[in-house]
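Structure first, then comments.
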Amino acid sequence: MNPHDPHGEAVAASLKWQSTSAGNTAQKRNIDEIYACDVFDERKMHERLPKHVYKNMLEAIQNRKRISMPDAEVIATAMKDWAIERGATHYTHWFQPMTGLTAEKHDALITPDGQGSVVYRLAGSSLVQGEPDASSFPSGGLRATFEARGYTAWDPTSPAFIVRGTNYATLCIPTAFVSWNGEALDKKTPLLRSIDALDKQAMRILRIFGTDTGVNSVGSTLGSEQEYFLIDQNLYFARPDLMSCGRTLFGNTPPKHQQLDDHYFGSIPTRVNAFMATLEDELFRLGVPVQTRHNEVAPGQYEIAPLFESTNIACDHQAILMDTLKRVAGRYGFVALLHEKPFAGMNGSGKHNNWSMSTDTGVNLLDPQDETHTNNQFMTFLCAVIRAVHLHGDLIRAAISGASNDHRLGANEAPPAIISIFLGDMLTDLIEQIEKGSTSRTLKGGSLDLGARSLPDLKRDSGDRNRTSPFAFTGNKFELRAVGSTASVAWPNTIINTIVADSLDFVATEIESKLGKNPTDAKRDQVVLKVLQSIIKEHKAIVFNGDNYAQAWQDEAARRGLPNLRSTADALPALETSTAKKLFRKHKVLSTSELESRVEIFAEKYITEVSIEAQQMVSIARTLLLPAATKHQRALAETIVSSEQAGASCEGLRDSLIKFVDMVHAFQDAIASVESALEIPEQSALKQCVYCRETLFSATEVLRACGDALEREVDQALWPLPSYHDLLSLR
């Protein structure tokens, strides 16, 4: 360790933490306590509610119906009793405003009884409705500063849970968040509306095929994998850019990082594994069913994956997971970085949004089954998705946009901005058969003989996977790989649910209009085949099974008329089109004003994030990097003077000094350019997005290049920021 390294103390503290027994034993786990679940789930309700209230509650959850106020009073009392038995003193309406984060206002469960004592109370009205301030959250013009009233509304389909700290426990009640006018100010309300829209149209398809018997509803299901980085807490606090922006604004990749692929699926470091174990304990306690953990590609990068759940609950659990990740990391001296691209030149992080549709009886409607060519119902749902993505790929691209995800999309660890569908060999062969007018076969994968007697034959899937595809069919679901790691998954799934609902509406209407009354199964299959044939001919351009990174695909996609929306500034206008407004109005997911508000919010967030990064870069450059560079310059000059006075030739050093002085001047010019670009013109928010992308962001890229060039030259002992090597090595 370099004794003059300004970060030596932080590194030493980290190594000391890892070596002490306290670091490894502080998180002792009591198994009985860990698995005493802090979720007011169906089992808890069955134990505590009167039979008729429990039955009403279950029916309301399963059929997405409203709960009566008398039942709400009984449920609130039971929930309160359960919570205080588990140590809760407060409750909160837990909601997801348009910040992309979660929000909560804590109220005491304790109420004075007027006789010098207190009672615990949670009224049914307090369970059902709350009132946070609506004007201080992003509203996109739906609320003005003087219009403060907003409401939270209990979502009984998502179970309440208890969040614990060192000396507190809080009952969290999942809720929607709306304005005084009833307009959605959150992520959950549109999501629930989109689920209703999907249910309505999917049930029409089931009725066409006569498979709706015993089915009360159809909903989407979701499994959302989460990638993240862990870095040492001591080093994090020495990086102002990480603290304020979540990513490094300056920094060079070390000679060795991920090139050898030796971190991916490698042995999990002891300290990280201890963190992961505690994280999973916390998540199990909160009812979040995680299953998989592993090293990701970049050093210091990891992934956690949950089981599939109904989309609404999965979105809530994804928000809980992100909060818990950050909270638990600190116990082990880590900071969890969820930014899409915290380190330049290496893989970034995302979410793999695995989406499907399922009946309330547990039937996955995107399961092709063995003889898929005979499964007309599956092919109908599949073709509806193909049509939806082809018509509304621009909306999917807009759903995954954002300043942080712009750094990642199109790089080698994430799909490009062109939205296409991967189907694989078997399904591609089937849609080609349908296009020709009949189906007669389903391609089989067979088995693999590995050539060693001790190894089993492996069942081979009918097609390979494609990690470069933005929207890939992966066995019995579609995987949207392009969602950003910081993003709420509620908005992308609202988009997917809505466009698929619209496509199912189209398909059902086409089939119903041609069937007539009391059709035979043979006639139905004939009509279905003709409708699907027409859909495939019109929308097969969205299907691409090759390398989505290749320039040849970008050229081909342009010939097919597929949009290439490279940045957030390019993507957001898709939400302003008359087509988008009509789509969301038709299915009662978002009114025109609600949709326009989201465009305003997303644009403002993009502008603000790019501006904050630019301001932080200028601050770091002026107050940290430039002083270090000038010290290095002075030391180099003094070395030359003293050496020449001693009679030594310093021609090489003089050339180095001249070159370095030019670099410092270029750095100063780049700082001035960013400062000038920060004067954003007064114009519409979408035009400001374009300015920020083309002018401000471009200026920061030049400044970064100049700063990184200086880091490669300046004495390491003088450089004021922890290097990538330090940030990524200490685990």
Side-chain angles (χ1 to χ4, degrees), residues 184 187 189-205 218-222 311-312 315 353-358 365-366 380-401 415 417-423 469-473 477-483 487 489-510 532 535-536 538-543 561-563 565 571-592 594-595 598-599 602:
K187 305 277 189 176
T189 303
L191 177 66
L192 290 173
R193 294 172 183 170
S194 74
I195 292 171
D196 288 345
L198 185 69
D199 173 28
K200 178 180 178 180
Q201 304 305 331
M203 287 297 296
R204 291 175 64 191
I205 302 295
V218 172
S220 58
T221 58
L222 175 66
T311 298
N312 179 42
C315 290
N353 191 92
N354 296 283
W355 177 93
S356 189
M357 292 175 281
S358 179
L365 299 176
L366 288 180
T380 300
F381 280 106
L382 176 70
C383 289
V385 174
I386 291 172
R387 179 182 180 275
V389 177
H390 186 222
L391 289 177
H392 303 293
D394 58 343
L395 294 182
I396 294 178
R397 175 63 185 89
I400 56 174
S401 62
I418 303 170
I419 301 298
S420 64
I421 290 179
F422 169 82
L423 291 180
S469 175
F471 204 78
F473 189 82
K477 62 188 184 300
F478 279 97
E479 182 181 34
L480 176 60
R481 295 180 56 87
V483 179
V489 289
W491 179 236
N493 286 285
T494 298
I495 297 287
I496 296 172
N497 288 342
T498 305
I499 65 175
V500 173
D502 188 67
S503 200
L504 290 172
D505 178 24
F506 172 85
V507 174
T509 301
E510 286 288 298
L532 299 188
I535 289 173
I536 290 168
E538 188 174 352
H539 300 290
K540 65 180 180 180
I542 198 67
V543 177
L562 303 182
L565 306 175
L572 287 183
L575 297 171
E576 279 204 323
T577 64
S578 59
T579 300
K581 292 174 182 178
K582 181 180 177 181
L583 171 75
F584 287 107
R585 273 200 319 268
K586 173 184 175 183
H587 296 285
K588 300 179 180 179
V589 174
L590 289 168
S591 67
T592 297
E594 287 174 326
L595 183 58
R598 277 146 181 79
V599 177
F602 298 150

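- In this structure, R598 and L590 have side chains that are in contact, with non-hydrogen atoms separated by less than 4.5 Å.
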Next on the checklist: Go through it in stages, so that I can follow the logic: the residues are N312 and L192, the test is side-chain contact (heavy atoms from CB on, under 4.5 Å), and I'd like the CA-CA distance, side-chain angles, deciding distance and then a yes or no.
Outcome noted: CA-CA 7 Å; N312 179 42; L192 290 173; 3.5 Å; yes
Checklist entry - Stepwise, does the side-chain contact (heavy atoms from CB on, under 4.5 Å) test hold for F584 with I495? => result CA-CA 9 Å; F584 287 107; I495 297 287; 3.5 Å; yes
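- At distances below 3.5 Å, at least one donor-acceptor pair connects side-chain atoms of D199 with backbone N or O atoms of V218.
- A salt bridge links D505 to R204: at least one charged side-chain nitrogen sits closer than 4.0 Å to a carboxylate oxygen.
- For the pair S220 and W355, the tightest heavy-atom approach, listed with the atom from each and the gap, is CB-NE1, 3.3 Å.
- A pairwise comparison of heavy atoms in K477 and N354 identifies CE-OD1, 3.1 Å as the closest pair.
- In this model, no donor atom of one side chain and acceptor atom of the other lie less than 3.5 Å apart for T311 and N493.
- Here the OG atom belonging to S401 is positioned 9.5 Å from the CH2 atom belonging to W491, to the nearest 0.5 angstrom.
- Side chains of F381 and L504 form a contact here, defined as non-hydrogen atoms less than 4.5 Å apart.
- When every heavy atom of P190 is checked against every heavy atom of T494, the shortest pair comes out as O-CG2, 3.7 Å.
- Of the possible polar contacts, one joining the S503 side chain to the A384 backbone as a donor-acceptor pair under 3.5 Å is found.
- Looking at heavy atoms from C-beta onward, D502 lies in side-chain contact with H392 at the 4.5 angstrom threshold.
- Here the closest non-hydrogen pair linking A398 and A571 is CB-O, 3.6 Å.
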Next on the checklist: Does N497 form a side-chain contact (heavy atoms from CB on, under 4.5 Å) with H587? I'd like the steps, not just the answer.
Outcome noted: CA-CA 10 Å; N497 288 342; H587 296 285; over 6 Å; no
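- For the pair S194/L191, a side-chain contact is recorded, criterion being any heavy-atom separation below 4.5 Å from C-beta on.
- The two residues I419 and G393 come nearest to each other via the heavy atoms CG1-O, 3.5 Å.
- When all heavy atoms are compared, the tightest approach of S469 to I421 is OG-C, 4.1 Å.
- Looking only at side-chain heavy atoms (C-beta outward), K588 and K200 stay at 4.5 Å or farther from each other.
- I535 CD1 to K540 NZ: the interatomic distance, rounded to the nearest 0.5 Å, is 14.0 Å.
- Taking the six-membered ring where tryptophan is involved, the planes of F471 and F478 are essentially parallel, since the angle between them stays under 30° and well short of 60°.
- Side-chain N/O atoms of R585 and T592 include a donor and acceptor closer than 3.5 Å.
- Partner of I542 under the side-chain contact (heavy atoms from CB on, under 4.5 Å) criterion, out of L423, V389, V385: V389 alone.
- Residues I536 and C383 meet the side-chain proximity criterion, which asks for heavy atoms closer than 4.5 Å.
- Counting heavy atoms from C-beta on, the side chains of T577 and K582 never come closer than 4.5 Å.
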Checklist entry - Can you list the steps and then say if M357 with L366 is a side-chain contact (heavy atoms from CB on, under 4.5 Å)? => result CA-CA 6 Å; M357 292 175 281; L366 288 180; 4.1 Å; yes
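- Remark: I496 CD1 to N353 CG distance equals 5.0 Å, nearest 0.5 Å.
- At least one side-chain heavy atom of I499 sits under 4.5 Å from a side-chain heavy atom of L583.
- The OG atom of S358 lies 13.0 Å from the CG atom of L222; values are rounded to the nearest 0.5 Å.
- Pairs of residues two or more places apart, or lying in two chains, that qualify as salt bridge (Lys or Arg N to Asp or Glu O under 4.0 Å) and include a residue from residues 382-397 are R397-D406.
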